[in-house]
Q: 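There's a structure below that I have some questions on.
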Amino acid sequence: MPTIYIDGKPIEAREGQSILEAALEHGIEIPHFCWHPAMSAPANCRICLVKVGMPRRKPDGSFETDENGNPVIQYMPKLQPSCRYPVSEGLHVLFQVPEVIESQHAVMEFLLINHPLDCPICDEAGECKLQEYAYFYSRGKSRFVEEKNHKPKHVIWGPNVIFDAERCISCSRCIRYADEILHDPVIDFVDRGDHVTIELFPGTQFDNPYSMNVIELCPVGALTSRDFRFKARVWEMSFTPSVCPGCARGCNMYVGVLHNQILRLQPRTNMYVNQYWMCDAGRLTQYPFVNENRIDKPLVCTENGTLTEVSWEEALDTFWNKLQSVDAKEIGIVVSGMLTNEDAFALRRFIQEYIPAATVMLMTVEDPEFEDDFLRVRDRRPNTRGVQTILGDVLASLSVEEFRAKVESKQLKLVWVIGEDLEQVWGEEGRKIADGADTLIVAASNVSSTTQVADLVLSLATYAEMEGTFTNIDGRVQHFIPALTTAERPYRWGMKASRWDKMGAWNDRWSHGPQRHCRPLWQMLAATASIAGHSWNYRKAADVFADLAQTVEGFARMTYALLDERRGIPLGKVDEPEPPVFHYDSHRLKPESEEYRYVQVYDKAEQWW
């Protein structure tokens, strides 16, 4: 491994790396706009220029030294782009020197000559790389007094992305992403010169299933989301690391929250799972159901057939009584892949201790048309593999038709549906199961055709309101934490909070959003076990996971801290750590930015507070 020196500091680099890559991996931030580790380096922004030199050699090949015995460094006459210059043994790089600083000032002044002062209305404000660099690497003033160039604004590129040509700094990240990552080269530079801009090829749209990744790639506010546009200022929001529940890939993401409602989802770098990307469907479909059409409290069907809100104590008493009213072999349970590993383990324990003869069926949701060869998979539930691994032989091998036949023949009198809508997934068969059951109990987050005919509805927390783990299609166990508060859990230590959340008082309407009386399944079952006269001693999700790790072989010796440190652990591989990987984060100038923007996986767990 070649050793290079940046401002005199020795650094062990990898063969084939650029100076910029080596510096970022060692916590030295060299400014850059156009470079990204997943794409080619065009070196067209010039903000990453550095002074480069090598030890001078004598005619006999030996190194020339000064009076102190130190090698004499012969620097190149011109500054070099660090994003393209490869490392080599003994390379010396100067970053904190007057020539480089003056170059950075000049580049920033040049970029800002025609850049509009849109910060007060720009969605990127508060997390803008240009704002950040204007503060750190600019003179703070401009000598340009002529009128700025004017270019098209509010150009609709596709169903999800809007382009503002005046804000564009021509870094070409979006062009290279469309060409090199998506293999869908529909955009390019036109009118080269001081009027350069980016346009779509005639007759095309930028409507790729992964098009919205250009929004985070763009270092300025030139590319914005049509979904999030003008909804909020980022410094008023909280951003919580989480896992996308849209399919079994388990892409890492940030959940953006304001007033206890999710406003947007963004990819979070995890080189073991989704790298830097996230599909548009995940961004746009995995938060509306958290905000809307929710079951706010447990519901019990009264004698006149209407669902009435009740307390948790009454709801769980009713739940236990209904289970006791039938024989265990007359209970059918439909389980969802939306459950966390902790929920699945608590369910397994509950079944084994109280209703061991119950028929348990896992509802799988597959969509072949959703699957592609990039990130998206056909399994549309985030934890199918985890539920299968944990429930194991508790699951019955039944088809939907066989389960429905058991209900209609009254072999199964009580049907307990957890986390799914029977009719939405199983269609007519699901409706017949719901109508044919003598007693229908549903644990769900949202109002559906199944909850509307239920005898008892238990309000289930969504992924954004609880802590837990999912096991993705590759068997990787990943930990996530709550982004929203509930009526029973206003806040917990380590939970992200926006400026409004931190400063708001009890009588401020602007600091309080909807809070629902919902619970994760494991908490419901632990409370029901108490009603049955037993104590499970589960006070938090970590207690359930600790029990799970001691019981289920694939999870042995896993802990939340270890999962966070390694960005997830494959089942059965806790003693086989993967090689450290550089997790690059382009820019995240937010109130809750990570303590270290560039970290190695095992350097430390990510800071949550």
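When reading the values below, keep in mind they use all heavy atoms of this one structure, side chains included, and skip hydrogens, waters and symmetry mates.
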Q: Testing Asp564, Thr559, Thr340 one by one against His479 for a side chain to side chain donor-acceptor pair (under 3.5 Å), which residue passes?
A: Asp564

Q: Among residues at least two apart in sequence or on other chains, which ones pass ring-ring contact (aromatic ring centres under 6.0 Å, His included) with Tyr276?
A: His36

Q: May I ask you to check whether Thr269 and Asp585 show a side-chain donor-acceptor distance below 3.5 Å?
A: no

Q: Taking all heavy atoms of Ala549 and all of Met558, pick out the closest pair and write down the distance.
A: CB-O, 3.7 Å

Q: Tell me yes or no: between the side chains of Asp123 and Ser225, is some donor less than 3.5 Å from an acceptor?
A: no

Q: Hey, what do you get for CD (Gln286) to SG (Cys251), rounding to the nearest 0.5 Å?
A: 10.5 Å

Q: If we ignore hydrogens and angles and just use 3.5 Å, is the side chain of Asp543 paired with the main-chain N or O of Lys540 as donor and acceptor?
A: yes

Q: For Pro267 and Asn213, which heavy atoms make the closest approach, and how far apart are they?
A: CG-OD1, 3.8 Å

Q: With sequence neighbours excluded, tell me which residues meet ring-ring contact (aromatic ring centres under 6.0 Å, His included) with Phe555.
A: none

Q: Would a distance-only check, ignoring hydrogens and angles, find a side-chain to backbone donor-acceptor pair under 3.5 Å from Glu465 to Thr486?
A: no

Q: Just checking, any donor-acceptor pair under 3.5 angstrom between side chains of Ser535 and Asn537?
A: yes

Q: Evaluate the salt bridge (Lys or Arg N to Asp or Glu O under 4.0 Å) criterion for residues Arg283 and Asp227: first the C-alpha distance (whole Å), next the side-chain angles of each, then the deciding distance (0.1 Å), finally the verdict.
A: CA-CA 9 Å; Arg283 294 170 184 259; Asp227 178 63; over 6 Å; no

Q: With no hydrogens and no angle check, is any side-chain donor or acceptor of Arg566 less than 3.5 Å from a backbone partner on Val574?
A: yes

Q: Output all residues satisfying ring-ring contact (aromatic ring centres under 6.0 Å, His included) with Phe545, sequence neighbours left out; order by chain, then residue number.
A: Tyr560

Q: State whether a side-chain donor-acceptor pair under 3.5 Å links Asp280 with Asn160.
A: yes

Q: Is there any ring pair (Phe, Tyr, Trp, His ring centres under 6.0 Å) pair reaching into residues 431-462, and which pairs are they, with sequence neighbours excluded?
A: none

Q: Under the ring pair (Phe, Tyr, Trp, His ring centres under 6.0 Å) definition, can you give me all pairs with a residue in residues 296-321, not counting sequence neighbours?
A: Phe319-Trp416, Trp320-Tyr354

Q: Could you verify whether a donor N or O on one side chain and an acceptor N or O on the other, from Gln266 and Arg264, lie under 3.5 Å apart?
A: yes

Q: Ion pair present between Glu124 and Arg233, side-chain N to carboxylate O less than 4.0 angstrom?
A: no

Q: Scan Arg385, Arg249, Lys573 and name whichever one has a salt bridge (charged side-chain N to carboxylate O under 4.0 Å, His left out) with Asp474.
A: Arg249

Q: Does a side chain donor of either Thr469 or Asn341 reach within less than 3.5 Å of an acceptor in the other side chain?
A: yes

Q: For the residue pair Asn270 / Gln275, report whether a side-chain donor-acceptor contact shorter than 3.5 Å exists.
A: no

Q: Do Asp296 and Ser459 get their side chains close enough for a donor-acceptor pair, meaning under 3.5 Å?
A: no

Q: Using distance alone, with no hydrogens and no angle criterion, decide if Thr485 and Gln515 have a side-chain donor and acceptor under 3.5 Å apart.
A: yes

Q: How many angstroms lie between CD1 in Ile390 and CD in Glu342, if you round to the nearest 0.5 Å?
A: 7.5 Å

Q: Applying side-chain contact (heavy atoms from CB on, under 4.5 Å), name anything that partners Gln523, two or more places apart in sequence or on another chain.
A: Glu488, Arg519, Pro520

Q: Mind checking what makes side-chain contact (heavy atoms from CB on, under 4.5 Å) contact with Ala437, not counting sequence neighbours?
A: Val407, Val415

Q: Do we see a donor-acceptor contact under 3.5 Å between the side chains of Asn304 and Thr306?
A: yes

Q: Apply ring-ring contact (aromatic ring centres under 6.0 Å, His included) to residues Phe480 and Tyr463 and explain how you reach the verdict.
A: CA-CA 8 Å; Phe480 58 91; Tyr463 73 94; 7.1 Å; no

Q: Is there a salt bridge (Lys or Arg N to Asp or Glu O under 4.0 Å) between Arg380 and Asp367? Walk through the geometry before answering.
A: CA-CA 7 Å; Arg380 298 304 306 273; Asp367 183 1; 3.7 Å; yes

Q: Glu236 and Lys231: salt bridge (Lys or Arg N to Asp or Glu O under 4.0 Å), yes or no, with the steps?
A: CA-CA 11 Å; Glu236 297 174 345; Lys231 280 187 177 180; over 6 Å; no

Q: Examine the side chains of Thr364 and Glu366 and answer whether a donor and an acceptor come within less than 3.5 Å of each other.
A: no

Q: Which residues pass the side chain to side chain donor-acceptor pair (under 3.5 Å) test with Ser242, sequence neighbours left out?
A: none

Q: With sequence neighbours excluded, give me every salt bridge (Lys or Arg N to Asp or Glu O under 4.0 Å) pair touching residues 393-411.
A: Arg404-Glu408, Arg404-Glu429, Lys410-Asp438

Q: List the residues meeting ring-ring contact (aromatic ring centres under 6.0 Å, His included) with Tyr538, not counting sequence neighbours, and say none if there are none.
A: Trp536

Q: Looking at residues at least two apart in the chain, or sitting in another chain, which of them share a side-chain contact (heavy atoms from CB on, under 4.5 Å) with Ala396?
A: Thr359, Leu398

Q: Tell me the salt bridge (Lys or Arg N to Asp or Glu O under 4.0 Å) pairs involving residues 303-332, sequence neighbours left out?
A: Glu330-Lys413

Q: Is the shortest side-chain heavy-atom distance between Asp379 and Val365 below 4.5 Å?
A: no

Q: Strictly distance-based, threshold 3.5 Å: is any side-chain N or O of Asn446 a donor or acceptor partner for the main-chain N or O of Phe289?
A: yes

